[in-house]
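Fair warning: this is a prediction, and the values are worked out from it, not measured in the lab. Numbers restart at 1 for each chain; the letters A, B, ... are given by sequence-line order, proteins then strands.
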Amino acid sequence: MTPHPDTLWRTPRPRRSYDVVIVGGGGHGLATAYYLARNHGITNVAVIEKGWLAGGNMARNTTIIRSNYLWDESAAIYEHSLKLWEGLGDELDYDLQFSQRGVLNLAHNLHDVREGRRRVNANRLNGVDAEWLEPDEVAKFCPIVNTTASARYPVMGATLQRRGGIAKHDHVAWALARKADQYGVDLIQDTEVTGFEITGGRAVAVKTTRGTIAAGKIALAAAGHTSVLASMAGIRLPLQSHPLQALVSELLEPVLDCVVMSNAVHVYVSQAHKGELVMGAGIDAYNSYGQRGAFHVIEAQMAAALELFPIFSRVRVLRTWAGIVDVSPDASPIIGRTPVENLFINAGWGTGGFKATPGSGWVYAHTIAHGEPHPLAEPFALERFTTGALIDEHGAAAVAH
Amino acid sequence: MMLIECPHCGPRDENEFRYGGQAGVAYPERPAELGDEEWAAYVFMRDNPKGWFHERWFHTSGCRTWFTVHRHTVTHEIRP
Amino acid sequence: MNFLFDGRSYTGLPGDTLAAALLRNGVRIVGHSVDLGRPRGVFSAGSEEPNALVQVGADPMVAATTVELHEGLTARSLRGRGRVDPAAADERRCDKGYLHADVLVIGAGPAGLAAALAAGEAGARVILVDEQPRPGGDLLNSRVVLDGAPGQAWAASAAARLAMLPETRILSRTTAIGYYDHNYVVAVERRPGGERLWHLRARRVVLATGAHERSVAFPGNDRPGVMLASAARAYANRYGVLPGRRAVVFACADSGYEAARDLAAAGAEIAAIVDPRGGPDRVTGVVTGVVTGVMTGVVTGTTADGDGVLDGVLVGDRLVEADLLAVAGGWSPVVHLFSQSQGRLRFDEELQAFVPHLSAQAERSAGACRGVYGTAAAIADGLAAGRQAAELTGFAQPVPVPRVPESDEPEPSPPAALWVCGDDPAASFADLHRDVTVADLARATGAGLSSAEHVKRYTTAGTGADQGKTSAVPGVVAALLGTGPGTTTFRPPYTPVSFATLAGRDRGPLSDPIRVTAMHDAHVARGAVFEDVGQWKRPWYFPLPGETMEEAVERECRAARTGVAAMDASTLGKIDIRGRDAGLFLDRVYTNLYSTLPVGSCRYGVMCTADGMVFDDGVTSRLADDHFLMTTTTGNAAQVLDWLEEWHQTEWPRLEVAFTSVTDHWATVAVAGPGARRVVAAIAPEAVDLPFMTFTEFAHGRVFRISFSGELAFEINVPWPYGRAVWERVLELGAVPYGTETMHVLRAEKGFAIVGQETDGTVTPQDLGMGWIVSRRKPDFVGKRSHARPDTARTGRKTLIGLDTHVPEGAQLTLDGRMVGHVTSSYPRAVLAMARGVGEGQRLVAHDGGREIPVTVVAPVFYDPENLRRDGDPFVQGGVSSFEPVRHSPAGNFAARFEAASKERVRLREVPFVPMWEVRGQDPGRGLRLGPAWWLVTGERPEGGVEVSGQRTVLEISGPGAREVLLTGCPIDLHPSVFTGHAQTSLAKAGVILERVGQDAYRIYVRSSFAAYLSEWLLDALTAYVASFRK
């Protein structure tokens, strides 16, 4: 029994010109279109997608939502996003299967403990709910986690964000697409952008496999393919595209009712509504657009998972896949203007883009509509790499999912 | 698991190596004379092509040699 | 064989699958569907099963069609979802294996056997992987006659010929689950004690994976009693089980006739054969034999008894009574692995199936998996594929070509282009496992979805445990969209794989290498509590009986401040740096100057990344004009060596300098406290008068006078084998052992920052208050330019401060409500923090877990700010006895266990205390060449050699089974024709040099700190091998 509505979106032909053309019909592109219409009344908008809507990272991520980032700038934008999540299903009139079941980040050594406590305290001062759990409290919150001291890397505590959780990725994308479509936004699939028309330093049109489309403003929302598009406009970005693998198990009766993440042993896991365990690990080290990774990454991930959850010994991996994530030097996004006038960028979300979907769309729509960054986006401008004012989330979370 | 030809040890599994990103990015002769933007370009900007890419690999588990590989970032094919 | 299913006891036969045994016992309902709860029965006879999913012991969900029956097997039915049973212990022990081949053949059906024969007889190294307990593929299920004999005889003789070929290896019960880049195939072998995950690298791959019969979506096509025709045939022929007494065959493809013939031969009544193509008059592929009651048409529905089990089949308005409906919907070539290899598929209109189109890797498909049907044709195709693969890998010599046998099969005719029929889409299942009906799919396309991927996601079709292998979804969706079936992406694994299989031996203590120092056993004996630092186990503190951690640390600190205490500092990274330009090189990577350091002196240095942030620190000593010894932090040792080599090789290759890791060679005992001189004098009298930041050689190593505590302190470096003896001697002389916690207290009291604790990748040396260490005289060093960027050069950045109040580490600091920093290190008498815009005397609020604690900023030095303690107590001449340390080898403790585990086929021992040297630059003319200009030499000291005798130990494994043990953890090709000398690689996730020293003998040179871990691993591998050989 499908939980989806009977009507989703039109399949329009592209028009000759739009006020805004968004390149990339993933979660962020669709959220941007939605908020352009909803918050700024801009509806003469096209979203150009080279494949099927939300078929890239939106279809491939592990759907974890949290806002417990270390630095003030990150906490602000992710918490804004989480607040939007809390009302999004009602607003879009779609069951997003958004479940605030709590996200545990396990600590396995003294360093983890110190950094975890630091993060909890910073989060609370930034208005982000956060708690520190001692090992016995971890065992109570998630009884199937192996908290015995004899583990190779014993659990020494955990941070907990109770408002964190998961949502169903397709539902989110489709809900945003449906609402954007209702506002009059044209969602144009199977259409690839092949270049930009730039006159006098100003972007005026996108060239596509279905002809040239004039645009008042052009907004890139292409995740792993951002570098490729930007280079068509002559822009070099501090981004590298890497495979990020994930996997699901077969369907299981309910066994895990929270999200568990561990940076030290590189694994994160939750159980989706239908019953499959959804898991991910770290990125593959090399640059790739291949949407596949190496198997040894999966093997290491499952070994790590079993250290945390010996009970899953005979659970079976059903399917593995990879997305292409665009990673910036400080593991933080790049949002704002570019050296080309009227061409905007929102990229570099790396491994953490899904949770940011509404927040990212919100601030990007504002940035496009006003021609200058939303206050929450301002610290994430491209210029930070020149001034050195990085927002380095590596130190706090080796895996910033 | 890609098979990477180390110039000294021969073909080995990818996980014997460390990835080093774009090849041929030279350390500037006189960093002090560079503007902030030029310096940022050296530190942070790297090509990220979809297609053939000259990239560095380091045989950490073997002979510890850095070398350049010409690899396609979609097919992962490696050219000699 | 007795077994239990849902609590009831049944009997099956050896060789039965659980599905066959259930059918043998007349069990029709084996589970219920996931959403609708409809009863479901066995649908297939293989791993493509969508219905018969059961829980077996610790296995939450497996296909009954793949479970080999054994005495006492206990299974429970499921409702589409697995059940994790916390009480069911998983006793299986899994491992891994690494093999290399010229030609890898996947599938041992007619095509695969033929390909393996053709390649193997040409002399190629061949691996043949097959899912079934024995070779034959579909020949095991069929009654085809080849050269006048049963097809199985042909398969058996082909397998026997393969078994004679010395370079051919057949892996039965082994499923290839993934095809990755560069011809890397991963396969799961089901072994008696647990699975082995094979990693197979082949120069050429022949895919002979066969085809799955597919279903047709018609009303009531999910009832128990509806089964694939090929499955009905397999149960009748192979297992001697009649899946029904009165059968209707829906023959959209020729296989329906074969099933009808074989079911009839097995005693079933064939009530009707329904062929949409028009029956024997119009179809060539009809086997001779029972062909009666053929109806032209389609099945339009089914009827069921009170339990929901099939009791009738509707063909238009005619109802045919039947308890079995065998559906031959046509064949789907098994293109999963081909697709995973990035090969492109195309849809073949005549075959109504996806077939391989363009290869992306060095592979070729053969037989049914590329739509070549019929046994003789498949064998011919396999022979051609095998021959071609052999030729392409250099085995072109003429050999007798295996002959294609004569087959009794008729010429195949195309299947009906039929995916859906009947007029009740809500009762017509396109995907049985996911309970997706034609109506569901229609609703998806009706909602505006035009992409097959969207339709799959809208409905979940094709996403089940069977990945829709037998489903009618592609054709149904294409019909709804009015397009041809779009290409599908198949993702690994081909069949589900348990987590345990993927983890292999990497469980519990072997889940990650454990690194220990030369003194580890002594620490364990003293009851040390350990801390994990990277892979190292470091003593955290040494509690006496009844002591709390606080008490122990207080006592350890007191000893270091007032008497003498000792710490095992062996885990610090140590890098021997040699060459004419060594000083110049260090000037470029450290922020301060090293070229001016006098020989015999030590200097503390900080390294930055190009981004200007602190990356590592440590003391580097000048041993000679062209010779330095660098120390690094424990956690960064490997990264720093990589870093140095990267800068040298890729930026400054002309600098004459070479780096040798000596971390494991040197065991380090730090002796600290005002009384340290007395202890050191008893071991190295030379060191008594050492000035601060200098070192001296002594009989067994070196003594450095450096201090991380503010007290008089020495670091005694001796080669690994002497480490334990020196440690014990130091303690005998009165030093109190202390761990990392006390080290942290002592250094924090002195205001010394720790990389990774005070720093987090966003901190410059200037931020740490160490502007003094950043040379202004040098034109450049790595990171210097970044310090001049606007944000990095500005005032008001976070800096290192002290606080007057003991608040927990990680507490955040606010000033007037603004967050300004956090507490990085906190002990009763010393609190360090990083904060911006604050000065001494300022009042801040510390926030921890909801508590607010007022604190005041103080100078970040809490102990002896004038450095008066540095020189300790003067030396008082005493009775100094000579020190003759005994040696301990890194695997010395394992000697008895090695001896006990060694058996005739494989033996294991340590070859201890081998003198070893590393040579850079000039070829020493002997030893093992490790890199372009890098050698490991044993025995006599070579010219210019760096002594590394303690860096590694040598383990030796020998005997005819040695290679089989090694290949469970070593990824390189160990075949004797390839691996003739030595290689530097990894074994069980530990870096090793592997040297072949005889026909069946190997030496493993392993870092001393990994020796205990690797010894445990080898014992485990050896024991498992010996056990499997017995079986």
Side-chain angles (χ1 to χ4, degrees), chain A residues 1-2 4-11 52-53 55 59 72 108-111 114-118 120-122 124-125 132 152-153 170 189 250-253 255 274-275 294-295 298-299 302-303 305-307 311-321 386-390 392 394-396, chain C residues 34-35 58-61 80-84 86 90 178 180 186 440 443 446-451 453-454 457-459 465 467 491-493 496-500 502-503 506-509 511-512 531-532 756-757 760-762 786 789-792 808-812 814 819 822 847-849:
Chain A
M1 292 303 103
T2 180
H4 299 290
D6 285 327
T7 308
L8 285 170
W9 52 75
R10 300 164 292 130
T11 303
W52 37 285
L53 280 186
D72 301 356
H108 296 278
N109 53 49
L110 297 173
H111 177 79
R114 210 154 32 227
E115 289 304 314
R117 301 184 74 115
R118 173 187 180 190
V120 162
N121 289 321
R124 294 167 73 117
L125 288 166
W132 174 257
R152 173 69 182 90
Y153 293 110
D170 290 335
Q189 304 183 70
E250 55 213 348
L251 304 188
L252 298 172
E253 291 175 2
V255 62
K274 284 204 302 277
F295 196 62
I298 301 283
E299 293 178 63
M302 301 326 288
L306 283 190
E307 284 309 289
I311 188 177
F312 292 159
S313 180
R314 285 285 147 183
V315 172
R316 299 185 304 169
V317 175
L318 190 59
R319 198 162 55 251
T320 66
W321 65 89
T386 304
T387 63
L390 305 190
D392 196 338
H394 287 302
Chain C
V34 65
D35 281 337
D59 288 302
M61 180 150 83
R81 297 206 232 187
R83 190 180 299 126
V84 177
D90 179 20
Y180 294 88
V186 178
D440 295 329
R443 186 156 171 252
L449 298 176
S450 56
S451 150
E453 291 293 338
H454 279 149
R457 286 164 176 270
Y458 190 98
T459 59
Q467 291 201 10
R491 297 204 176 84
V497 185
S498 82
F499 290 11
L502 297 173
D506 301 350
R507 304 285 297 272
S511 66
D512 198 40
E531 175 193 3
D532 286 310
Q757 186 156 343
D760 58 8
T762 69
S786 286
R789 295 175 307 191
D791 189 76
T792 322
E809 288 169 359
Q812 291 285 340
T814 59
M819 252 196 288
H822 73 286
H847 301 256
D848 181 65

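A donor-acceptor pair is defined here as one N or O able to donate and one able to accept, closer than 3.5 Å; such a pair exists between the side chain of C:Arg443 and the backbone of A:His4. When atom types are taken as modelled, the side chain of A:Arg316 and the backbone of C:Met61 share a donor-acceptor pair closer than 3.5 angstrom.
Note on C:Ser511, C:Ala503, C:Pro492: by heavy-atom pairs under 4.5 Å with chain A, the leading option is C:Pro492. Heavy-atom pairs under 4.5 Å with chain C peak, among A:Arg152, A:Arg117, A:Arg124, at A:Arg152. Here C:Asp512 is the residue among C:Val34, C:Asp512, C:Thr762 with the most heavy-atom pairs under 4.5 Å with chain A. Looking only at heavy-atom pairs under 4.5 Å with chain A, the residue among C:Gly80, C:Pro496, C:Gly448 that has the most is C:Pro496. Counting heavy-atom pairs closer than 4.5 Å to chain C, the top residue among A:Ile298, A:Thr7, A:Leu110 is A:Leu110. Here C:Asp90 is the residue among C:Val84, C:Asp506, C:Asp90 with the most heavy-atom pairs under 4.5 Å with chain A. When each of C:Ser786, C:Ser450, C:Gly756, C:Gly508 is scored by its heavy-atom pairs under 4.5 Å with chain A, the top score falls to C:Gly508.
Remark: C:Arg81 does not engage A:Glu253 in a salt bridge, criterion side-chain N to carboxylate O under 4.0 Å.
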Please step through side chain to side chain contact (heavy atoms under 4.5 Å, CB included) for the pair C:His454 and A:Leu8, ending with a clear verdict.
CA-CA 11 Å; C:His454 279 149; A:Leu8 285 170; over 6 Å; no
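If you measure heavy-atom distances from C:His822 to chain A, the contacts under 4.5 Å come from the side chain alone. Looking at C:Pro60, the atoms closer than 4.5 Å to chain A (heavy atoms on both sides) sit in the backbone and in the side chain alike. For C:Glu809, the parts lying near chain A are the backbone and the side chain together; criterion is any non-hydrogen pair under 4.5 Å.
Put simply, the side chain of A:Met302 does not reach to within 4.5 Å of the side chain of C:Val497, judged on heavy atoms. Two residues are said to be in side-chain contact when any heavy atoms from C-beta on lie closer than 4.5 Å; A:Arg114 and C:Gln757 meet this criterion. Contact check for A:His108 versus C:Asp532: no side-chain heavy atoms found under the 4.5 Å cut-off.
Listed by chain and residue number, C:Arg789 satisfy the side chain to side chain donor-acceptor pair (under 3.5 Å) test with C:Thr792 (two or more places apart in sequence, or in another chain). Residues meeting the side chain to side chain donor-acceptor pair (under 3.5 Å) test with C:Gln467, sequence neighbours left out: none.
Closest of all the heavy-atom pairs between C:Arg457 and A:Trp52 is NE-CH2, 3.6 Å. Between C:Tyr458 and A:Pro5, the shortest heavy-atom contact is OH-O, 2.6 Å.
Below 30°, between 30° and 60°, or above 60°: for C:Tyr180 and A:Phe295 the angle between ring planes is between 30° and 60°, a tilted geometry.
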